[in-house]
Structures are given as C-alpha cells and as structure tokens.
Amino acid sequence: MTRRADESSLGDTGLAIVEFGRAFPNEAIRSLHATEDGKAVFVRLHDNKAGFMRNMRNHFACHLITPGRVRVRGSNDGYSLTIDFLDASYHNGDYSFASAAEAAEVSLWLLGNYVAPVDRQVPDGLPGI
C-alpha cells in the first residue's frame, strides 16, 4: 500500500476517500481538493467541518481540523496558502493548488472552522447569509 501511495500520491481522489474514510468512518465526505504535488488533501465534510490528509511516506496522517486551531494566510500568487496547524505543527507549511479557485475554496473551508456555531447565528432583523 505504501508503494502504491508513493506511485499514485494522494492526487488519486479514490485513494484519499478510502483512506480518510478508514480513519474517520462516521464522517461523510462532501468535497476534497488535493494539493498540486498530490501529497496532501483538504477535505470538506458533510457538516461543514474540515479535514486534512497527508502522505507521510510510510503512512497517511488524517486529521479533523478543530475550529479555531488553524491559521491561514494567502500568498501573492493566489495559488498557495500558508497554513499553521496549532495542534499539529509538523504539518505547518505552504500548500499550492492547481488553481486560485481551489486555494480560495480550501481557505473558505478552513475559515469556516474559525467561527464558533454560536457566532453563526444571524441576529433578528438581519438578512441571512
């Protein structure tokens, strides 16, 4: 399996779905985006939570991203994000995507994790988002 992962990388969405599903069988995957090099995948889950999966050469590291425990900064090129995982600093780094739209979408997934559910309530009289 490790040899297959080295050859195909996590850019193979089927492998990413199987391995993330194995790590978190009770989480339904809604969407995912692999990095340009195929070594990491960002996962959007059914309840708007986010997950992360990375090929660590001899195994896959899968994490659910805890709200408020990740920092995201955009880059000048629009294709890359600098991400700091506060609970898993060994995954900190720059992640490049195939398009600026993918990078933007992943940043929105991660930013959605910043907002506590209580803060998502729209006050009465204001239009919903």
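None of the values given here were measured: they were computed from a predicted structure.
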Spatial distance of atom CZ (R44) from atom CG (L108) [nearest 0.5 Å]: 9.0 Å
List the atom of E102, the atom of A34, and the distance in Å for their closest heavy-atom pair. OE1-O, 3.9 Å
Taking salt bridge (Lys or Arg N to Asp or Glu O under 4.0 Å) as the cut-off, I'd like each qualifying pair that reaches into residues 25-34, sequence neighbours left out, listed once. E27-K49
All heavy atoms of L15 vs all of F60, minimum pair found to be CD2-CZ, 4.0 Å
Please round to the nearest 0.5 Å and tell me the distance separating atom NE2 of H46 and atom OG of S31. 14.5 Å
Taking the side chain as C-beta and beyond, is there a heavy-atom pair between H91 and M56 under 4.5 Å? yes
Which residues pass the ring-ring contact (aromatic ring centres under 6.0 Å, His included) test with F42, sequence neighbours left out? F52, Y95, F97
As an exercise, state the distance from CZ of F85 to CZ of R54, rounded to the nearest 0.5 Å. 8.0 Å
According to the salt bridge (Lys or Arg N to Asp or Glu O under 4.0 Å) rule, which pairs have a member within residues 82-98, sequence neighbours left out? R69-D87, R73-D84
F20 and L45, any side-chain heavy atoms less than 4.5 Å apart: yes
Quick one: are I65 and L110 in side-chain contact, heavy atoms under 4.5 Å? yes
For S107 and V72, which heavy atoms make the closest approach, and how far apart are they? CB-CG1, 4.2 Å
Could you report the tightest heavy-atom contact between A16 and M53, atom names first, then the distance? O-SD, 3.6 Å
Under the ring-ring contact (aromatic ring centres under 6.0 Å, His included) rule, collect the residues that match up with H33, sequence neighbours excluded. W109
Those residues that, when tested against D77, pass side chain to side chain contact (heavy atoms under 4.5 Å, CB included) (two or more places apart): S75, Y79, S80
Could you give the distance from CG (L32) to CD1 (I17), rounded to the nearest 0.5 Å? 5.0 Å
In the structure I gave you, are the side-chain heavy atoms of V70 and L86 within less than 4.5 Å of one another anywhere? no
